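These figures come from a predicted structure and were not determined experimentally.
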2 protein chains.
Amino acid sequence: MKPTIYNVAEQAGVSIATVSKVINNTGRISDKTKKKVLKVMKELNYQPSVVASALTGKRTQTIGLLIPNIANPFFAEIARSMEDRAHELGFSVVMCSTDYQQEKEEKYISLLIRKQVDGFILASGFKSTHLIEELVKQKIPVALIAHDIASLSLDTVSVDDYKGGYQAVSHLASLGHERISIIAEEVRSNDDRIRGYQDALEAYGLIFDSSLLTRTASTVDAGKQEAERLLRLKERPTAIFASNDILAIGAIQGARACGLSVPEDISIVGFDNTILATISDPPLTTVAQPVHDMGRHVMDLLVEEIEGKKTMKQRMMLSPELVVRNSTAAPLIR
Amino acid sequence: MKPTIYNVAEQAGVSIATVSKVINNTGRISDKTKKKVLKVMKELNYQPSVVASALTGKRTQTIGLLIPNIANPFFAEIARSMEDRAHELGFSVVMCSTDYQQEKEEKYISLLIRKQVDGFILASGFKSTHLIEELVKQKIPVALIAHDIASLSLDTVSVDDYKGGYQAVSHLASLGHERISIIAEEVRSNDDRIRGYQDALEAYGLIFDSSLLTRTASTVDAGKQEAERLLRLKERPTAIFASNDILAIGAIQGARACGLSVPEDISIVGFDNTILATISDPPLTTVAQPVHDMGRHVMDLLVEEIEGKKTMKQRMMLSPELVVRNSTAAPLIR
DNA sequence: CTGAAAGCGCTAACAA
DNA sequence: TTGTTAGCGCTTTCAG
């Protein structure tokens with residue numbers, strides 16, 4: 001059997017209260033007995049039970065992470081950064097892929113509540129706002145990553161999507177492109193990227209042509225289809241801003257399918273700067289989200305919340321950064 | 001406060017024992033009281049505490065997953081399939097990325113033991129064999145995925161690496177390639193892929209040239225470097241078998257850096273069939289691991305073990321399957 | 001068919 | 001400085 005606090009107490013000739021105190025470093029214990037207890041714990045290879053301690057009202061030291069899909073590189077990379085920070089702070093993370101289904105969101109939240117997780121991190125794509133309100137009502141700490149919900153006052157870490165869109169399009173416009181198309185994903189965060197796109201156009205004196213704006217699901221194929229469609233327009237764009245790397249890679253494929261080469265005939269910029277951007281051919285110019293910082297910061301916010309050393313909810317909006325690679329160039333003179 | 005079993009007992013006018021029985025569907029309860037209790041549970045929105053029940057010796061319904069890095073697409077995809085099956089079976093999974101560091105392996109295992117996970121799944125790249133033995137000794141269920149440890153009798157689901165290597169190289173040889181190189185990752189599972197490579201060569205009457213065999217770390221850059229080196233050999237290979245998609249993509253880049261085009265001048269095949277293979281340019285011919293089945297099967301094995309309905313450890317070796325895309329072709333006649 | 005009561009391993013007053 | 005004790009929320013005999 002695994003040793004319990006009773007075993008070490010007995011072995012050390014003290015009470016369980018004393019053992020508990022040395023485990024948690026609380027109360028005042030003489031050096032001598034402390035040393036003795038520590039020694040016995042080591043000898044018995046005693047590991048305090050988190051379960052038992054959680055039952056007395058302490059934390060489970062685990063946090064629930066709800067993301068759309070861990071198999072998506074962007075989310076996997078964010079998850080990794082959160083996991084690392086969580087471990088540094090003494091927490092474990094249980095992962096739940098929701099596939100954007102409210103049914104799963106609900107199921108996993110209630111499951112994790114029963115398991116007494118100390119808090120939740122909800123990634124972009126989380127739809128069930130009413131569940132968040134419920135959590136707040138139950139005083140369960142929640143933080144948002146990679147999206148913001150204006151109507152709710154929550155700890156939030158997101159990226160400045162407007163700025164990201166603006167940067168991407170400015171880059172293209174400053175290269176000399178005048179017909180710039182956008183392929184956006186069908187999610188809320190993309191609204192800001194689109195606004196950034198529009199404002200950048202305007203800043204460069206370009207007119208916004210709604211036939212150059214298209215929204216679709218986030219798959220390589222969808223990106224390819226849309227790009228092909230756009231490139232078959234009578235007045236085709238010379239540049240495409242895709243709202244994530246997957247769509248951008250689809251767009252590259254679409255361009256090639258139309259017999260165009262990237263970046264000579266058409267420039268393409270993505271968003272996220274996932275591993276996909278580095279291995280694409282040509283390497284993708286893309287707007288990088290500071291994934292590492294984002295993960296670290298939400299976890300910090302959430303844990304502070306959990307440990308009660310916070311008075312206010314905090315929203316952090318980090319800046320994206322354009323990473324120029326080889327999928328963009330000046331348009332050919334024609 | 002969250003309602004407890006006492007609240008519902010009181011509200012329903014029965015004892016907590018009765019409530020417990022209806023929760024767990026144990027013992028014999030009259031339909032009438034059962035219905036009443038159920039009703040009260042619903043009214044109070046009662047959720048039994050997993051923590052409390054775990055303390056009485058029941059399961060925590062959570063399993064620990066140790067993988068090298070969730071940000072690596074191959075592991076992310078496997079993790080996803082395991083997560084799905086776990087949820088279907090009523091378990092949660094907590095993820096731990098070990099970065100191939102024994103220090104982390106040890107830390108996470110001991111952490112999860114304290115949290116009373118019901119079992120562990122250790123993915124390829126797990127090094128600390130002694131820790132596994134320790135788990136076995138403590139009667140904690142363990143299963144292995146994507147690798148096998150011959151010396152240990154464990155539930156294991158892996159892929160036939162030998163066969164995968166054989167398939168990859170057979171494909172190349174049957175296309176007419178005679179100088180086939182291999183870039184392998186520095187991990188044990190790759191030994192079998194190399195044996196498959198060698199045997200396939202022999203089967204096609206080709207001689208094994210050790211200068212065409214190289215081992216390296218698994219990064220795009222390493223793949224590129226090695227490919228460049230190989231392609232600068234006086235008698236350069238006309239095909240490269242890379243032992244995973246990342247290396248293969250690096251190899252494609254290396255080939256291009258040497259002014260060669262894929263697959264016209266050089267054929268390249270990868271391994272894993274991750275998302276990377278589908279977005280690479282050209283799309284990568286690669287050996288697919290049946291990730292979905294693998295995840296499902298380990299989880300099934302582990303859970304059976306956890307629930308004690310198993311008498312023997314089981315090893316499953318699934319077959320890989322060659323997926324032919326556009327990175328391979330017959331060599332040019334010269 | 002139902003309930004009383006003894007734990008599960010640990011924490012936190014409160015005494016001593 | 002150390003120990004006694006009453007829970008935490010649930011499961012499980014064992015009586016009734």
(request) Could you check how far NZ of Lys115(A) sits from P of dC10(D), rounded to whole Å? (result) 16 Å
(message) Nearest to the Ala17(B) side chain among dT2(D), dA4(C), dC10(C), which nucleotide is it?
(response) dA4(C)
(message) Pick the closest DNA chain C nucleotide for Pro3(A) and for Lys21(A) by heavy atoms, then say which residue is nearer the 5' end.
(response) Pro3(A)
(message) I want to verify a distance call: between dT11(C), dG9(D), dT12(D), whose nearest atom is closest to the Ser20(B) side chain?
(response) dT12(D)
(message) Looking only at side-chain N and O atoms, does Lys115(B) offer a donor or acceptor that is under 3.5 Å from a partner on Thr62(A)?
(response) no
(message) Can you measure Glu10(B) atom CD to dG9(D) atom P for me and round it to whole angstrom units?
(response) 14 Å
(message) What is the distance, to the nearest angstrom, from the CD1 atom on Ile16(A) to the C1' atom on dA6(D)?
(response) 11 Å
(request) Ignoring hydrogens and angles, state whether a donor on the side chain of Arg296(B) or Ser81(B) is under 3.5 Å from an acceptor on the partner side chain. (result) no
(request) With heavy atoms under 4.0 Å as the rule, sort Thr26(B) into base, sugar-phosphate or nothing. (result) nothing
(message) If you only use heavy atoms from C-beta on, which nucleotide in dC10(C), dC10(D), dT2(D) is closest to the side chain of Thr4(B)?
(response) dC10(D)
(message) Taking the nucleotide of DNA chain C with the nearest heavy atom to each, does Thr18(B) or Ala52(B) sit closer to the 5' end?
(response) Thr18(B)
(message) Between dC8(C) and Tyr6(A), counting only base atoms on the nucleotide and side-chain atoms on the residue, is there a donor-acceptor pair under 3.5 Å?
(response) no
(request) Determine whether any donor atom in the side chain of Lys2(B) lies under 3.5 Å from an acceptor atom in the base of dG9(D), or the reverse, and answer yes or no. (result) no
(request) Kindly compute the distance separating CE (Met82(A)) from CZ (Phe75(A)), expressed to the nearest 0.5 Å. (result) 9.5 Å
(request) Describe the nucleic acid contact of Val51(B) in one word from base, sugar-phosphate, nothing, applying a heavy-atom distance below 4.0 Å. (result) nothing
(message) Just the rounded figure in Å: distance from P of dG9(D) to NZ of Lys58(B).
(response) 18 Å
(request) When you get a sec, tell me which of dC10(D), dA13(C), dA4(C) is the closest nucleotide to the side chain of Pro48(B)? (result) dC10(D)
(message) How many whole angstroms separate atom NZ of Lys36(B) from atom C1' of dC1(C)?
(response) 12 Å
(request) Provide, to the nearest angstrom, the distance between the CZ atom belonging to Arg28(B) and the P atom belonging to dG3(C). (result) 16 Å
(request) Round to a whole Å and report the spacing from CD of Gln116(B) to C1' of dC8(C). (result) 10 Å
(message) Taking any heavy-atom pair under 4.0 Å as a contact, classify Ser53(B): base, sugar-phosphate, or nothing.
(response) sugar-phosphate
(request) Return the nearest nucleotide to the side chain of Thr56(A); candidates are dT4(D), dG7(D), dC10(D). (result) dG7(D)
(message) Please classify the nucleic acid contact of Val14(A) as base, sugar-phosphate, or nothing, using heavy-atom distances under 4.0 Å.
(response) sugar-phosphate
(request) Indicate yes or no for a side-chain donor-acceptor contact from Asp118(A) to the backbone of Thr60(A) under 3.5 Å, with no hydrogens or angles considered. (result) yes
(message) Please determine whether a side-chain nitrogen or oxygen atom of Ser49(B) lies at a distance below 4.0 Å from atom OP1 or OP2 of dC10(D).
(response) no
(message) I'd like to know if the side chain of Thr56(B) pairs up with that of Ser53(B) as donor and acceptor (distance under 3.5 Å, no hydrogens or angles considered).
(response) no
(request) Calculate the interatomic distance between Leu55(B) atom CG and dG9(D) atom C1'; express it in whole Å. (result) 9 Å
(request) Determine whether the side chains of Gln289(A) and Asp272(A) contain a donor N or O and an acceptor N or O closer than 3.5 Å. (result) yes
